[in-house]
Number of protein chains: 4
Amino acid sequence: MHEADFTLSAGPTLASSRVQQALGQPITFDYDPAFLAHFKATERLAAELFRTDKDVVLMQGEAVLGLEATARAVVRPGMRCLNLVSGVYAAWFGDWLRSYGAEVTELKVPYDEALEPAAVRAEIERMDAVDLVALVHSETPSGIENPLAEIAPIAKEAGALVYADVVSALGGTAVEIDDWGVDIAVAGCQKCLGGPPGVSLCVVGEDAWAAIDANPSAPRGTFVSLLDWRETWLASNGAKFPYTPSVSDVNGVHAAIAECLDHGLDEVIERHASAARACRAGVEAMGLELWPRSHDYAANCVTAIRCPEEVGVVETLAHIRDRYGVMLSGGYGELAEKVFRIGHMGSGSRSLYPLVSVSALARGLADLGVVVDVGAAAEATLESLSASGTVVTA
Amino acid sequence: MHEADFTLSAGPTLASSRVQQALGQPITFDYDPAFLAHFKATERLAAELFRTDKDVVLMQGEAVLGLEATARAVVRPGMRCLNLVSGVYAAWFGDWLRSYGAEVTELKVPYDEALEPAAVRAEIERMDAVDLVALVHSETPSGIENPLAEIAPIAKEAGALVYADVVSALGGTAVEIDDWGVDIAVAGCQKCLGGPPGVSLCVVGEDAWAAIDANPSAPRGTFVSLLDWRETWLASNGAKFPYTPSVSDVNGVHAAIAECLDHGLDEVIERHASAARACRAGVEAMGLELWPRSHDYAANCVTAIRCPEEVGVVETLAHIRDRYGVMLSGGYGELAEKVFRIGHMGSGSRSLYPLVSVSALARGLADLGVVVDVGAAAEATLESLSASGTVVTA
Amino acid sequence: MHEADFTLSAGPTLASSRVQQALGQPITFDYDPAFLAHFKATERLAAELFRTDKDVVLMQGEAVLGLEATARAVVRPGMRCLNLVSGVYAAWFGDWLRSYGAEVTELKVPYDEALEPAAVRAEIERMDAVDLVALVHSETPSGIENPLAEIAPIAKEAGALVYADVVSALGGTAVEIDDWGVDIAVAGCQKCLGGPPGVSLCVVGEDAWAAIDANPSAPRGTFVSLLDWRETWLASNGAKFPYTPSVSDVNGVHAAIAECLDHGLDEVIERHASAARACRAGVEAMGLELWPRSHDYAANCVTAIRCPEEVGVVETLAHIRDRYGVMLSGGYGELAEKVFRIGHMGSGSRSLYPLVSVSALARGLADLGVVVDVGAAAEATLESLSASGTVVTA
Amino acid sequence: MHEADFTLSAGPTLASSRVQQALGQPITFDYDPAFLAHFKATERLAAELFRTDKDVVLMQGEAVLGLEATARAVVRPGMRCLNLVSGVYAAWFGDWLRSYGAEVTELKVPYDEALEPAAVRAEIERMDAVDLVALVHSETPSGIENPLAEIAPIAKEAGALVYADVVSALGGTAVEIDDWGVDIAVAGCQKCLGGPPGVSLCVVGEDAWAAIDANPSAPRGTFVSLLDWRETWLASNGAKFPYTPSVSDVNGVHAAIAECLDHGLDEVIERHASAARACRAGVEAMGLELWPRSHDYAANCVTAIRCPEEVGVVETLAHIRDRYGVMLSGGYGELAEKVFRIGHMGSGSRSLYPLVSVSALARGLADLGVVVDVGAAAEATLESLSASGTVVTA
C-alpha cells in the first residue's frame, strides 16, 4: 500500500522537511555532551513556546504519558478537584483523578460546546474549597477550544492549582502559562508543532512542585514518575537521566519547536487560526454541519464535522484514503462514529492544505452519493484563505 | 524565504520521499564495487523504462547534455536532416544541427499544434534522401505531445535514423524505443520520473553507433563526448568511467526509476494522463484557454495555459508563490510571457496535486482581478479525478 | 560542540544509514492503514528475531518501560520469585519485585562473574516452590553474559515462569525464546539492533498471560500497562492502539530488525562475537584488565574494562571525546567510577570499529600518562579481526 | 553487496551528515525564488573559500567540466602557454591545451616530485613571451602539492594569466586566489570539501574575462560553455540559467562549504595537514615507502604509497574492501598499478579516520603475506594525531 500523499489527520500529522531531517540524524549516545546540551536547549525552546519561566520536563513518551505522570505526581488521595468537562479527554481525566483517590467535582457541558468562565466561577464558589482545577484547553476529539485565558486566573485566584491539558493547543493557539497562572501543563509534539509523537512537554511550577512534595503517593522508580526526572535530571543540573531518552524524537522535537519560533509564534498561531477559518468556511459551503455549536470556540488545530446520515465515518475515510491518497481522521471515543476530523496543524496549516482536506472530504462524500456542493466548498475555502492575507510567510 | 509548500512546476518538480532519501544516502567512491554495480543496475532499469535492448548511457548532466552529446556524436557535416518543429526545443535543436554542419530541412507547425504523420511522410518523400529525422516527443514549453509512435516508423522506413527528444515524455506517456524503431533517444530525470535533474538517460542503438563511427567529427576527450563513454565505460564492461559520475544523483535516479517500475509503468502513465485531463478540465472550467489547440495532443507532463491579458505571467506566479506557497511555471523562450505551465509529473501526478495547482492559479488570478470561476475550476478538476477511478494506487 | 565522529558507547549507539533514513521518513497518522500494517509487520519481524511464536508487544518507550510493564503485569503480591543477580540491572529488578509485593529470594554472584546453572538448580531445589525465575541475559553495565540457554530450561522444568531481560542480548547473541522455554522477555532496540531507543520489544507467552490474568494488581489504564495493549491492540487484531505510538521510532525499529534479518541473524551474532573478541584482545594487549573474570562469559554487546588507578573514568572519557571525537561509555550504577565500556553493537560491530574504540582508549590513556601499549593494542585487535575471517559480509 | 563502512578514497569521499541531509532535501524548481537565492548564496560562500572577489561560476558537472569549460574559453589558437607538469592531471591538461591550438611549452618534473619556483621563473625567462601559465596545485593521483603561492606571482609578474587546477586543494590547503594573483581556478566539491561530485567551482577574474572576450573560439551554446553562464546567469544578475542546474547537488555543495566555513577555513586546513602527517607517519612506520620523494610537498588531501612488489594494487584493495569494509583508492592513469592512495579529506580528515585507513592497508597487506609492522603503523598514526593537539574541534 502506498503511503498517504497527504496526512491531514488529527495527529500525528504532516511533518516538515526540517523535522524529518532532524529525526534522521545520526543516533547519539544520550550521555554525549552534545546531546546533553541539545536536550537542555530543547527544554529552553519549549519554555519559550509556553511563555514560562517554570520548569519544563520532557517526558519520554507521547502526551498521555506526560498527563499521567503529572497527574499522578500532584493528585493525592482526598484532594478536592474540580474537573471541567467539555469533551472526551476531560472525561477520561476525571476517571484518572478518581482512580488516584481524589474527591472529584465535575462541571460538564455538552461536547459540542465550550466551558464558560462564569459557570466555572460559580462552581468554584459552590465548592467548599478546591485544591485543583483541571481542564482541557483544546479538545482534539471534538475540535472545541476552551477559554483557558479566562478560566485559569479564576481558578488560581480561588487558591487552586491550575492543571491544563494543552496537548493540541500549544503552537496553534495562545498558551500563556505564566501570564494566566497555569501550574501544570502538558503539550504534545505531534499536533500543532508538527513533530513526532514520542515526547510530552510538561510544565511544572513551584506551587505544583510544593503539592507534589506534599503528596505521599507521588510515584518514584517508575516510567510514569515525574519525581524521577526532578530527582535525577533536574537535581543533577542536566547530567543524569532517570532512563534512556528517545534520542531521535528529541532531535525531532527540537527542530519542530525551533521551526515554530523561527517563523514567530504569533504568526504561526495566526496561521493556524486562518487555516481553521478556511476549513470551516469550506465545510459549511459544502452543506455539512460543524460539530462545534459556534465558530467562537471552534479549535485552531482540528475541525470536527458531523457525519451525514447516509454514510459511515469509517467507510468514507477509507474511500478517501484509497481513491485520493488523503488521510483524514474520524471521531474518537464516544464520537467515533459521529464526526470527521480534519487536521490543520504544523505544516498542514500552511498553504493550500485546508483546500486539499476539505475537497477530499467533499469529493469523497459525493462519490458515495451524499449531496454536497464540491465547488462551493473549494471556493469558500480559497476565498477565506485569500482574505486572510499572506498565509505562508510564517 | 520559506521553501515552496508545493512544487508543481515544469521541472525540476516534486520528488517522492523515496527519491529524497536515495539522494541523501552516504556518498561513495565511484569505483566502490557496490557503486559500480548500482550504476549498471540503473542502466538496466532505464532500459526497462525505455522498453529497449539498445545501449543506455547515463550522461552526467541534465538532459541538455545528453541531447548535445548524442547530437554531436551522430551529426556529421553534410548530413541530411529533417527537423520536425512544433515548439521551442525543436527549433533550438535545428540551430544545433546547423551549427554541426548538417543540411537541415525543417517541417514546422504552429507551436500550439502537433506534428501530423502524413505531413511528415510527405516531407520525407519530397526530400531526395534523409539521413536523420529529429523530433521532440513532448514539448515541455508548450505542453504539446507529438505522435512519435506513428512518425518514428515512417522515418525509419525511409532509411533515416530516428532521433527523439523524450526528455519530458519518459514515464509520463508511452515511449517504446524498440517497437517504434527509435535509434537515439534522450530523457531527463527531473520530469515525469520525479528525480534529480543532473543525469541524462540516453539510448543509442546499433544503427546510431554505426553512424557515429562514420562521423569524423564525433567528439572525444570532452565532457560532451558520447564516444568517451563508449570507449571507457561500455568497452571496459562497466569498470572504468571517463570521469567522475554524480554519485548522489545516480542514486536518486535509480530510486526514481525503481519507484516507477514498482508501481507499474503502464499504471504510472495512466496516472499522468488522468492528472493532465483533470488539470485541463479545471483550467477550462475556470474560463481560461489551454495553449494546445486540441486536447488530442495536449501533453501528459505539463499543461500550458494562455495567460489572460489583464495580468503578466511573472507577477501572477510571484503572487501565487508568495501568497499560497505554490510554485508553478511560466513560459519558456518565445512563450515566456504568454503561458502559465502546471506540472503534473512524478509524485505531482498523484492524488489531489492537480487540484492544488489549478486552484492556486484560479485563486491567484482572482486576487489580481481576473474574472475566473474558482469554484467551477476546483469542481471540474475533482470530478475528472473522480471519474478516472483510483488515481493513487500506482 | 561538534557531534561525535564515532559513537561506540553502551547504547544508544551508531545507527546505520538505513535506520537513519527510516527514522527520517514522513510522519504518518497512526491509524493510516499503511502504518497499521507496518506496525504489525514490525511485530512479526521481531518475533522472527526472538525465534518465537509467542505474542510480541511493542511498548512505546525505551526498554525500561517494557521491563516495568511486563513485571508489573505478572508479579502479584506474594509471588515467590527467584531473582538471579550478577549485575546492576538484576539488582534493580529485585527492588522492583519487592516493591510489587513479591517474596523474593536472591542468588547472587560477584558482578564480574556469571551465574552458574548448577547453582541455580540447587537454589531452586532449596526453595519450597518458585513461581518466577528472573535473570538478565546480558548485563550491559558490566559486559557479562549469563547462560540463559541452560538456566531457562531448569527454571521452566521447576514449574516457574521464566522472565528474561534480553535488552542488550537480542541481535548480538543467541536468544531462542521458544526452544529455551522463556515466558517473558524484553529487548531494547538501541543496543545490538542499532536502532532508536524509544521502543521496547516484549515477548509474552501463554503461561505468562495466564499468570497476568490471575494477577489482580496487573495495571490497566496507565502508560505502563501491558494489559491495555492486549485489550485494545491485540484484542482488536491490530485496529486500535491504547495510545498514540511513536511513529518514527517504529519506522526505525522496523528498519533495524529488517537489516539484521537481511544479513542473517546467525551471521550478525557471529559478527558481534568477533568484534567482542577483537576488542578484548586489544584491551589485554594494551595492558589493561577486563572487568569479567573470564572470557567465557564476556558479553558480545559491550566490553567492560577496569579503569587504571592513575586516572578517573569521567576525565578520560571527556578527553577522548574532545581530542579524538570518539564517544565511549563509563560505568553505570555502582560501577560508575570503576569501568570503561566499549560498545560493539549493530553497525558498530562491523568493520574496524573495534579498532577505533580500542585505539581511542589506548591513546587517550597514554595522553593522560597511563602506561599502555598503544601499538600492541591495535595490532592485537586487527589480528583478531583478521583471524575471524570475513567480518563485514553480514 | 554491503555498502562500504568507511569510504576513505581519493574522492568522492565520506560526506558528513549535514551534507547528506542537504542532498536529501525536497527538490525545488530551479526558478523558485528560494533556489535562486540559494544558488547565489552558494557562489558567495565559494568566493569566501577561495578568498576572492572575482566571479565564481558553478558549472553543473564534476570538476573536469569546469576545467574543460574554462580552458576552452580562455585558450585561443596560437596562445603561448607554459604548462607545468608534475603529474598525470597536468599532463592531460597539456593535451587539452594542444588540442585547442595553443603553442605549449612544458616544464616537467618526475611525478614523485613537486615543481620548483626557481625553475618556473627560469623557464618563463627562457620563453619569448608567455600568455598563460597552467599548473595543478594538488595532484590527486600522486599526492603531490605544488607551491602555487610562489609560482602564481612569478607568472603573473611575467604578464601571463595564471590558471590553477585546485580541484583537490580547496578546503584542504591554503588557496589565496586574490593574494597570489590567480586568474582562473577550478575546484571540485568531492575532495577536501566532502561534498557531492556534480558541481565545479570556477573562479574567473577580470583579466581572464578579457582574454576570453578576445578569444574567437570561446564556445557558446554548449554544455561546456563558460560564456553561456556569463551571458545568461551573470548578465541577468542571477535570474536566468543557461540550462537546468543540478538542484540537489547545489544544495549539497552549499552545505559542504558552509560546514567548512562554520568550522573556520584555517582550522579545517590545519586538520587536513594533521591527518596527512599522521597518515604518512603510519605508512612509514609500517615499512612502506611514500610516493612523494619528500614530506615537504606531500599533499594534504591524499597520501600516495608505493605498492610493494609482492602484491597487486587491485587485489589488495579488493581484499581490504571485502574483509574490512574499507574503501581505499589505487593509482590513476600511469600510476594505476603503482600506488595505493588514502584519502583524508572532508570528514575523513577528522578524528581517527587516518588510523582506519592506515590500519586497513597494513592489516590487508599482512593478510596477503607482505611483511609490514601493523602495530607500529597504528602506534605512529595515533602518536602523530596526539601530537597535533585537538584534532576534532574544527
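Being a predicted model, the structure only gives us computed values, none of them experimental. The figures here come from the full heavy-atom set of this structure, side chains too, leaving out hydrogens, waters and symmetry mates. Naming: A, B, ... by sequence-line order, numbering from 1 per chain.
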Exercise: identify the closest heavy-atom pair between P12(A) and V247(C):
CG-CG2, 3.8 Å

Side-chain heavy-atom pair L14(C), P26(A) within 4.5 angstrom cut-off
no

Which bit of P245(C) is near chain A, if near means a heavy-atom gap under 4.5 Å: side chain, backbone, both or neither?
backbone

So which part of A37(C) gets closer than 4.5 Å to some heavy atom of chain A, the side chain, the backbone, both or neither?
neither

Greatest number of non-hydrogen atom pairs under 4.5 angstrom with chain C, of G252(A), A34(A), G198(A), A15(A), falls to A34(A)

Contacts of type ring pair (Phe, Tyr, Trp, His ring centres under 6.0 Å), residue F93(A), not counting sequence neighbours
Y163(A)

If you tally heavy-atom pairs under 4.5 Å against chain C, which of P196(A), P33(A), G221(A), G61(A) wins?
P33(A)

Anything under 3.5 Å between chain C and chain A that's a donor-acceptor pair? List each one with its distance, please.
unit_1  : atom_1 : unit_2  : atom_2 : d
Q20(C)  : NE2    : G24(A)  : O      : 2.9
G24(C)  : O      : Q20(A)  : NE2    : 2.9
D32(C)  : OD1    : R321(A) : NE     : 3.2
D32(C)  : OD1    : R321(A) : NH2    : 2.9
D32(C)  : OD2    : R321(A) : NE     : 3.2
E62(C)  : OE2    : T244(A) : N      : 3.1
E68(C)  : OE1    : T222(A) : OG1    : 3.2
E68(C)  : OE1    : F223(A) : N      : 2.6
E68(C)  : OE2    : T222(A) : OG1    : 2.4
W96(C)  : NE1    : G221(A) : O      : 3.3
G221(C) : O      : W96(A)  : NE1    : 3.3
T222(C) : OG1    : E68(A)  : OE1    : 3.2
T222(C) : OG1    : E68(A)  : OE2    : 2.4
F223(C) : N      : E68(A)  : OE1    : 2.6
T244(C) : N      : E62(A)  : OE2    : 3.1
R321(C) : NE     : D32(A)  : OD1    : 3.2
R321(C) : NE     : D32(A)  : OD2    : 3.2
R321(C) : NH2    : D32(A)  : OD1    : 2.8

Find the one option among V64(C), L8(C), V19(C), L67(C) whose heavy-atom pairs under 4.5 Å with chain A are most numerous.
V64(C)

